[in-house]
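One structure is given below, encoded as structure tokens.
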There are 2 protein chains.
Amino acid sequence: MKNRLRVLRAERSWSQADLADKLGVARQSVNAIETGKFDPSLPLAFRIARLFSLKVEDIFDDEVRD
Amino acid sequence: MKNRLRVLRAERSWSQADLADKLGVARQSVNAIETGKFDPSLPLAFRIARLFSLKVEDIFDDEVRD
DNA sequence: CAAGAATGTCACGTTTACTTGACTTTCCGA
DNA sequence: TCGGAAAGTCAAGTAAACGTGACATTCTTG
């Protein structure tokens, strides 16, 4: 599962810790999702989408990572 | 997290076992999701959305259940 | 009504999402 | 160049997602 989280975060000049705070998760979790260690839960995916005012499909891509 | 899974499945006259097969999960998992025992993972949510040709947001609702 | 199909549920086990704490590495501005 | 901030990572633990097997209940349909 690919995602545009790093790009969206960088566009806003947020650190992983900033984003983690806004999402209510640990900094390491944001890092793990950005680096593809695991996928977020569905509730977290919704929180991410809402934070960026985007659809889940516009952030996450149901394909394998390179 | 509310979802329209039961309705979408019923519209097609599929049993929970039918749907579970198509999604590649256990029948009990479909039942648990429909009855609100837990939310699907993000990958599973994508498979569900694709199966019904809908967006994730059109099936799952980021609100508390009644 | 009877029988089978569908659904609900429970216990137990595995995997994955996520936390916490600590440490190292990389990046960037004074 | 040096120091702090950001990012990467690892180990160990908890919680939630999912599987399997078994059984009870409800829903059809002959």
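Chain identifiers are assigned alphabetically (A, B, ...) following the order of the sequence lines, protein sequences preceding nucleic acid strands; residue numbering begins at 1 within each chain. Predicted model only: the values in this text are computed from it and were never measured.
Although no hydrogens or angles enter the test, the distance criterion places a donor-acceptor pair under 3.5 Å between the side chain of B:Asp18 and the main chain of B:Ser15. Between the side chain of B:Arg9 and the backbone N or O of B:Trp14, at least one donor-acceptor pair lies under 3.5 Å. Checked by atom type and distance alone, the side chain of B:Arg47 pairs as donor or acceptor with a backbone atom of B:Leu23 at under 3.5 Å. Proximity of a side-chain donor or acceptor of A:Glu57 to a complementary backbone N or O of B:Val56 within less than 3.5 Å is detected.
Atom CZ of A:Arg6 is separated from atom C1' of C:dC27 by 13 Å (rounded to the nearest Å). Taking atom CZ of residue B:Arg9 and atom C1' of nucleotide C:dG8, one finds them 12 Å apart after rounding to whole Å. A straight line from CG of A:Leu23 to P of C:dC18 spans 10 Å, rounded to a whole angstrom. Rounded to whole Å, atom C1' of D:dT9 lies 14 Å from atom CD of A:Glu34. B:Leu42 has its CG atom 15 Å from the C1' atom of D:dA16, to the nearest Å. For the pair A:Asn31 CG and C:dT24 C1', the interatomic distance rounds to 13 Å; values are reported in whole Å.
Checked against C:dT19, D:dG8, C:dT7, the side chain of A:Ser29 finds its nearest nucleotide in C:dT19. For B:Val25, the listed nucleotide lying nearest its side chain is D:dG19; candidates were C:dA17, D:dG8, D:dG19.
Heavy-atom nearest nucleotides on DNA chain C were determined for A:Val30 and for B:Gln28, and the one closer to the 5' end corresponds to B:Gln28.
Judged by distance alone, with hydrogens and angles left aside, B:Arg27 brings a side-chain donor or acceptor within reach of the base of C:dG8, the pair sitting under 3.5 Å.
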